[in-house]
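Inspection log for the structure reproduced underneath, given as structure tokens.
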Amino acid sequence: MTERATLGVAVIGTGKMGADHVRRIHEVVSGARVSAVVDLDAERAKQIAARVHGCTAYTDPASAMAAADVDAVLIASPGPAHEAALLMAFEHDLPVLCEKPLTPDATSALRVVEAEQKLGHRRAQVGFMRRYDAEYMKLKSLLGTGQLGRPLMLHNRHRNAASPPFFTSTMLISDSVAHETDVTRWLLGHEITAVTVLRPTPSANAPDDLQDPQFVVFETDGGALSDVEIFVNCGFGYQVQAEAVCERGTARIGDGHAMVTNMAGRWGGTIAQDFVERFADAYDREVQAWVDATRRGEVTGPSVWDGYAAAAVCEAGVRSLNEGGRVPVELVERPALYG
């Protein structure tokens, strides 16, 4: 198949994540250009578009997708707006990279799965960027060799310095643990069958009425357990770690000890302060891989099925948080399109 020339990308949503993707495509990624940006805030869209030569600002996704210089779409708008943008892109048969979540709930995510099935081919990749992080890729590769034996447990830690003012207790599951949901499924090659959320005494640093931290336990159809410590007001920085415990050994990532300094009677290093800093390389690698595959006429990476499965697991997690106890995960039969 002939590789396309430079890919014209419409970025939908110009908030923190969308603006960073515009910068990334314009300054870092090769083989693509930002040909359009879309935001309900017309002034903000114009300001972002002005930074890129030949970029047009829109307030309506449909107008951008119909533009002659748009070959693909990157969705970085809030989660509730994703379904409409995805279905619109499918109508135009445009390749899509959609930031997580695919949609905010399993029912709407399943509608996206069904719409893509009707096309008869994959068109969307979901932005689970940890699959493109160097450390996670190394752990995935090691587990794939079988050297450590069968995975028995996966321990995950996910910490933020402070939560945004709008964050709720359920968002610790749906917006944060969503990443560990995908990581567990991807690293182990298992589906998650049940979720239990335990509620320790909230930290004094957590805002009133925020259940922080939480401890989440996943059961999988491969017999492994995966736990997640989610603590979004730890105070000291952004930290993501994972340790696989297998029959013949263990492997841990995320210690952040690439460089250790010794000075003035102390030793140590730095801790990233947010996800954009910690996963900058992963985002670069993810978008470059999406552009390369799209120019070849292919779709790779996490699928809308992965987005649907994550949404279903998170829904079970929210139920466990609110009602207590173990909650089974209900998934429809996996379509052949997704392997």
Side-chain angles (χ1 to χ4, degrees), residues 78-80 82-83 86 98-114 116 126-131 151-160 163 167-200 202 206 209-232 240 242 244 302-335 338-339:
H82 287 185
E83 180 185 3
L86 282 158
C98 179
E99 276 296 342
K100 73 89 189 163
L102 177 67
T103 67
D105 59 83
T107 300
S108 58
L110 185 57
R111 288 197 293 264
V112 174
V113 170
E114 291 168 345
E116 191 178 53
V126 181
F128 289 120
M129 82 294 183
R130 289 193 194 175
R131 298 193 186 198
L152 306 173
M153 292 176 286
L154 181 66
H155 302 304
N156 301 278
R157 289 168 295 283
H158 186 161
R159 299 167 180 152
N160 294 65
S163 60
F167 230 54
T168 64
S169 296
T170 59
M171 289 175 74
L172 268 73
I173 303 294
S174 60
D175 282 47
S176 296
V177 176
H179 282 292
E180 279 74 25
T181 298
D182 184 67
V183 159
T184 295
R185 297 179 60 253
W186 177 62
L187 286 176
L188 302 183
H190 301 170
E191 287 292 2
I192 296 170
T193 56
V195 187
T196 304
V197 178
L198 303 174
R199 302 161 54 118
D209 301 322
L210 189 69
Q211 177 59 52
D212 181 42
Q214 297 174 25
F215 192 81
V216 184
V217 180
F218 297 139
E219 300 170 41
T220 78
D221 62 1
L225 293 178
S226 174
D227 61 73
V228 187
E229 173 212 307
I230 178 66
F231 187 11
V232 298
V240 167
S303 67
V304 296
W305 171 264
D306 295 312
Y308 158 71
V313 172
C314 288
E315 280 192 356
V318 169
R319 272 191 57 199
S320 178
L321 172 68
N322 292 334
E323 301 170 12
R326 174 184 182 273
V327 177
V329 176
E330 298 180 5
L331 295 177
V332 301
E333 185 176 351
R334 185 174 185 141
Y338 307 109

Looking only at heavy atoms, the pair that brings P104 and G79 closest together is CD-O, 3.5 Å
Answer whether the closest heavy-atom distance between the side chains of P213 and R199 falls below 4.5 Å.
no
Under 3.5 Å, is there a donor-acceptor pair between the side chain of S320 and the main chain of V197? yes
(request) Show the numbers, then the answer: is there a side-chain contact (heavy atoms from CB on, under 4.5 Å) between L154 and F218? (result) CA-CA 9 Å; L154 181 66; F218 297 139; over 6 Å; no
Residues at least two apart in sequence or cross-chain that pass salt bridge (charged side-chain N to carboxylate O under 4.0 Å, His left out) with R131, listed by chain then number, are D182, D306
* May I ask you to test the R130-V240 pair for a side-chain heavy-atom distance under 4.5 Å? => yes
Side-chain polar contacts of residues 323-333 - donor-acceptor pairs under 3.5 angstrom, sequence neighbours left out - could you list them?
unit_1, atom_1, unit_2, atom_2, d
R326, NE, E219, OE1, 3.3
R326, NE, E219, OE2, 2.7
R326, NH2, E219, OE1, 3.2

Open item on the list: Apply side-chain contact (heavy atoms from CB on, under 4.5 Å) to residues L321 and L172 and explain how you reach the verdict.
Closed with: CA-CA 10 Å; L321 172 68; L172 268 73; over 6 Å; no
H190 meets the side-chain hydrogen bond (donor to acceptor under 3.5 Å, both in side chains) criterion, sequence neighbours left out, with T220
Heavy-atom count around R157 CZ within 6.0 Å, excluding the residue itself: above 12?
yes
Item to check | P101 side chain near S174 side chain, heavy-atom distance below 4.5 Å | outcome: no
d(F128 CZ, E99 CD) to nearest 0.5 Å is 10.0 Å
Across all chains, not counting sequence neighbours, the salt bridge (charged side-chain N to carboxylate O under 4.0 Å, His left out) partners of E83 are R111
In short, P335 meets V113 closest at the heavy-atom pair CG-CG1, 4.2 Å
Minimal heavy-atom distance between A316 and V195, with the atoms involved, is CB-CG2, 4.0 Å
Side chains of V232 and L210: closer than 4.5 Å at any heavy-atom pair?
yes
Item to check | Candidate pair I192 and R185, rule side-chain contact (heavy atoms from CB on, under 4.5 Å), full reasoning | outcome: CA-CA 7 Å; I192 296 170; R185 297 179 60 253; 4.0 Å; yes
Residue pairs passing the ring pair (Phe, Tyr, Trp, His ring centres under 6.0 Å) test with at least one member in residues 306-328, sequence neighbours excluded, are W305-Y308
* Taking the side chain as every heavy atom from C-beta outward, state whether Y338 and V304 have any atom pair closer than 4.5 Å. => yes
Here the pair of heavy atoms bringing T103 nearest to S108 is OG1-OG, 2.7 Å
Correct closest heavy-atom pair for F215 and P200 would be N-CD, 4.3 Å
Given the options V177, D212, N156, I230 meets side-chain contact (heavy atoms from CB on, under 4.5 Å) only with V177
Residue pairs passing the salt bridge (charged side-chain N to carboxylate O under 4.0 Å, His left out) test with at least one member in residues 308-318, sequence neighbours excluded, are none
Side-chain (E116) to main-chain (L86) donor-acceptor, under 3.5 angstrom | no
Distance col, row S176:OG vs N160:CG, nearest 0.5 angstrom, shows 5.5 Å
- Query: Do K100 and M129 come close enough that some side-chain heavy atom pair is under 4.5 Å?
  - Reply: no
With a 4.5 Å cut-off on side-chain heavy atoms, are H155 and E229 touching? no
Measure the shortest side-chain to side-chain distance between S169 and Q214 over non-hydrogen atoms and say whether it is less than 4.5 angstrom.
yes
